[in-house]
Every structure is written in structure tokens, then in C-alpha cells.
Engineer: 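The following block contains the structure, expressed as C-alpha cells.
Residue numbers start from 1 in every chain, and the chains themselves are labelled A, B, ... in the order their sequence lines are given, proteins ahead of strands.
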Amino acid sequence: MGKSLLDVYHELYSLYGPQGWWPLLNHKGINPTKTGSMRGYHPKDYDFPKNEREKFEICIGAILAQNTNWVNVEKALDNMQKENAIDPKKMQKMDEKELGLLIRPAGYFNQKAKKLKLFSKFFIELEHRVPKRGELLHTWGIGPETADSILLYAYKEPIFVVDAYTKRIFSKMGFFEKGAKYEQIREMFEKNLPKDYKLYQEFHALIVEHAKNAVENYP
DNA sequence: TTCCAGGCAATAC
DNA sequence: GTATTGCATGGA
């Protein structure tokens, strides 16, 4: 009998400890086990976001983090914070050129400026309601991983986030075929794990941390 | 210098 | 429906 997903989760947790995702600019807690930036993590505290400001910060962080190193995302968020631009209404007032200048370090800044402006409009129109997954996916610039990151970390919805690491690691371990689609993989995780947003938040963060360390005998 | 990092949309086949 | 390509910065 092979390992269960929960077995793998416990092994990763033993290896790396609680990860404290999603990092927030103004949260002073640090995770001393992190390899890269240590800012903003809050291990073992799942009571985030604390307010609308932090909720919005997570959402735009998820967009900025698309195919980009988190350290570069932090630079973009720092620049935005200096201009009080981590605010959907302020973002609406800025043009894409101006916004693009702030988020330059995160790469793809022209595309991402457009994505952020569209998302900020979407966010305002939600009026504090929890977005539906389909609504997010129909917003230009929001794909499945970004949508699920937003739902899991900004809204505490028990949705499992699948990324390239998840596909690589768990297909190698035999949990599914290499060519499995995003939705199939997500459903497999959600079906075989307790429906618990804290577990999902931690698991996804652990997968990313593990992938960065590239351990030989544990894909 | 090359390669990659917490993807997505557009286009080609 | 699946495969490929453009988007871009910064650090290793």
C-alpha cells in the first residue's frame, strides 16, 4: 500500500514546518526557516487576511506572482505601497502606464498592469461578496491557479491550488498520469483530503518550498 | 551567458 | 482539443 496524500503532507510538514502563507507586507512575523525572503510570513496563524486591505493585497500578489519569483513580486508591492496603490479605487484612477512603472520588477508589467486594473474593477463590484470560481476565471488575466490562490488565501475557501510543482512531484509519485488536467488533479486532492482551508493553505505552501529545495530521493 | 521563477492568453496545428 | 509562442524582470 502506497502513501496517501495526507502521509505526504505530514512528511513535508516534518521536513519544513509551518510555512505561514500568504505573506503580507505589513505583517512583522517572520519564518526563520525560509530560504528566500523572510518578510510577512505568519506560521501557524491562519487568521488572515485581517481586513479588506490585506484581502486585496493577496489578490494582486497572486496576479503579480504569475511565472515570477516572489522576491520580485515584493519589490512591486513595495513600490505600490509607497504610492498607496494597494487599493482598488486608487488603482482605478491610475493609468496602465503609471501602474506598469510601479510593478516593473515583477516582469510582464504591461500585461500585469492591465490585469490589475481589470481585477480592481472586479473587486470593487464584488462589494465584499465572495467571488465564484467561474467569475474569477472569466476575468481576463485570471487562470485556474490564480483563481484558486485567491479563493484559498484571500477568501479561505477550501480549494486546492495546483501548480507546475504539484503536477511534477505528484505525477512522479504515481498519484496521477503526467498528462492529467488541472481540474482532474484539483478534484483528486480535494476528494482525498479533509475539506480544510488551513490544510490546503499549508500543503500548497509546503509543495512550493519543497520544490525549491529539489531533494533527490523525494521528487 | 543561460536559465528559471508561486501562469495566462493568443495563435497555430 | 492539444501544442507552441509572447510576455519581462532580476538573481543564481
Side-chain angles (χ1 to χ4, degrees), chain A residues 9 12 16 18-25 27 31 33-43 48-49 57-80 96-97 99-119 122 133-155 157 159-171 177-186 189 197 200-215 219:
Chain A
Y9 170 77
L12 291 175
Y16 305 109
Q19 296 299 300
W21 276 34
W22 186 278
L24 289 155
L25 284 186
H27 182 65
N31 181 349
T33 69
K34 304 265 351 137
T35 50
S37 168
M38 313 212 296
R39 288 175 51 197
Y41 296 90
H42 42 84
F48 286 90
E57 182 186 323
I58 294 171
C59 294
I60 62 175
I63 292 171
L64 290 171
Q66 289 171 2
N67 204 37
T68 301
N69 190 318
W70 183 257
V71 174
N72 287 356
V73 175
E74 272 187 342
K75 291 174 183 171
L77 288 171
D78 279 336
N79 290 342
M80 291 178 78
E96 285 175 20
K97 208 91 180 264
L99 189 53
L101 208 57
L102 297 179
I103 65 170
R104 232 181 111 82
Y108 308 132
F109 56 87
N110 288 317
Q111 286 192 351
K112 285 176 180 174
K114 191 187 294 283
K115 292 178 182 181
L116 290 185
K117 286 215 65 175
L118 287 169
F119 182 81
F122 173 82
R133 189 166 188 268
E135 294 179 304
L136 286 165
L137 291 174
H138 283 103
T139 303
W140 189 88
I142 310 287
E145 185 181 339
T146 307
D148 293 342
S149 295
I150 288 172
L151 289 169
L152 178 60
Y153 290 102
Y155 290 93
E157 294 284 302
I159 308 282
F160 200 90
V161 178
V162 177
D163 63 358
Y165 300 139
T166 312
K167 290 178 185 166
R168 191 188 76 205
I169 294 168
F170 289 86
S171 67
E177 322 297 310
K178 218 163 26 185
K181 313 281 293 183
Y182 186 99
E183 291 302 316
Q184 301 177 305
I185 298 171
R186 183 173 66 81
F189 275 89
Y197 83 89
Y200 291 7
Q201 289 187 349
E202 200 66 83
F203 206 166
H204 174 65
L206 284 166
I207 289 167
V208 174
E209 180 61 25
H210 178 66
K212 285 178 182 165
N213 289 318
V215 177

Engineer: Could you measure the distance from the CZ atom of A/F189 to the CD atom of A/Q184? Nearest 0.5 Å is fine.
Structural biologist: 13.0 Å

Engineer: Would you say the rings of A/Y41 and A/H27 are close, in the sense that their centroids are separated by under 6.0 Å?
Structural biologist: no

Engineer: A/K114 NZ to B/dC8 C1': how many Å, rounded?
Structural biologist: 14 Å

Engineer: Under 4.0 Å, heavy atoms only, any strand: does A/I142 hit a base, just the sugar-phosphate, or nothing?
Structural biologist: sugar-phosphate

Engineer: Is it the case that A/T146 and A/Q66 place a side-chain donor and acceptor less than 3.5 Å from each other?
Structural biologist: yes

Engineer: Hey, can you tell me if A/Y153 and A/W21 have their rings parallel, tilted or perpendicular (30° and 60° cut-offs)?
Structural biologist: tilted

Engineer: OH/A/Y155 to SG/A/C59 distance, rounded to the nearest 0.5 angstrom?
Structural biologist: 5.0 Å

Engineer: Specify the separation, in whole Å, of atom CG of A/L136 and atom P of B/dG7.
Structural biologist: 17 Å

Engineer: Rounded to the nearest Å, what distance is computed from the CG atom of residue A/L118 to the P atom of nucleotide B/dA9?
Structural biologist: 11 Å

Engineer: Can you tell whether the side chains of A/E183 and A/R133 come within less than 4.0 Å, N to carboxylate O?
Structural biologist: yes

Engineer: Shortest non-hydrogen contact from A/I103 to A/A76?
Structural biologist: CA-CB, 3.7 Å

Engineer: Examine distances only and state if a side-chain atom of A/Q201 and a backbone atom of A/L152 form a donor-acceptor pair shorter than 3.5 Å.
Structural biologist: yes

Engineer: About how many Å separate CZ of A/F48 and CG of A/L24, when rounded to the nearest 0.5 Å?
Structural biologist: 6.5 Å

Engineer: Give a yes or no on whether the backbone of A/L206 and the side-chain of A/H210 come within a donor-acceptor separation of less than 3.5 Å.
Structural biologist: no

Engineer: Give, ordered by number, those residues of residues 101-112 of chain A having at least one heavy-atom distance below 4.0 Å to an atom of DNA chain B; if nothing qualifies, reply none.
Structural biologist: A/Y108, A/Q111

Engineer: Check each residue of residues 57-69 of chain A for a non-hydrogen atom within less than 4.0 Å of any atom in DNA chain C, then write out the ones that pass by number, or none.
Structural biologist: A/N67

Engineer: Please identify the 5'-most and 3'-most nucleotides of DNA chain C with any atom under 4.0 angstrom from a heavy atom of chain A.
Structural biologist: C/dT2 to C/dG11

Engineer: Quick one: A/L137 CG to B/dC8 P, roughly how many Å, whole number?
Structural biologist: 9 Å

Engineer: Whole Å only: how far is the CZ atom of A/R168 from the P atom of B/dC4?
Structural biologist: 11 Å

Engineer: Taking the nucleotide of DNA chain B with the nearest heavy atom to each, does A/W140 or A/Y165 sit closer to the 5' end?
Structural biologist: A/Y165

Engineer: Does this structure show an ion pair linking A/D163 with A/R168, if we count only N-O contacts that are shorter than 4.0 Å?
Structural biologist: no

Engineer: In whole Å, what separates the P atom of B/dA10 from that of C/dA8?
Structural biologist: 14 Å

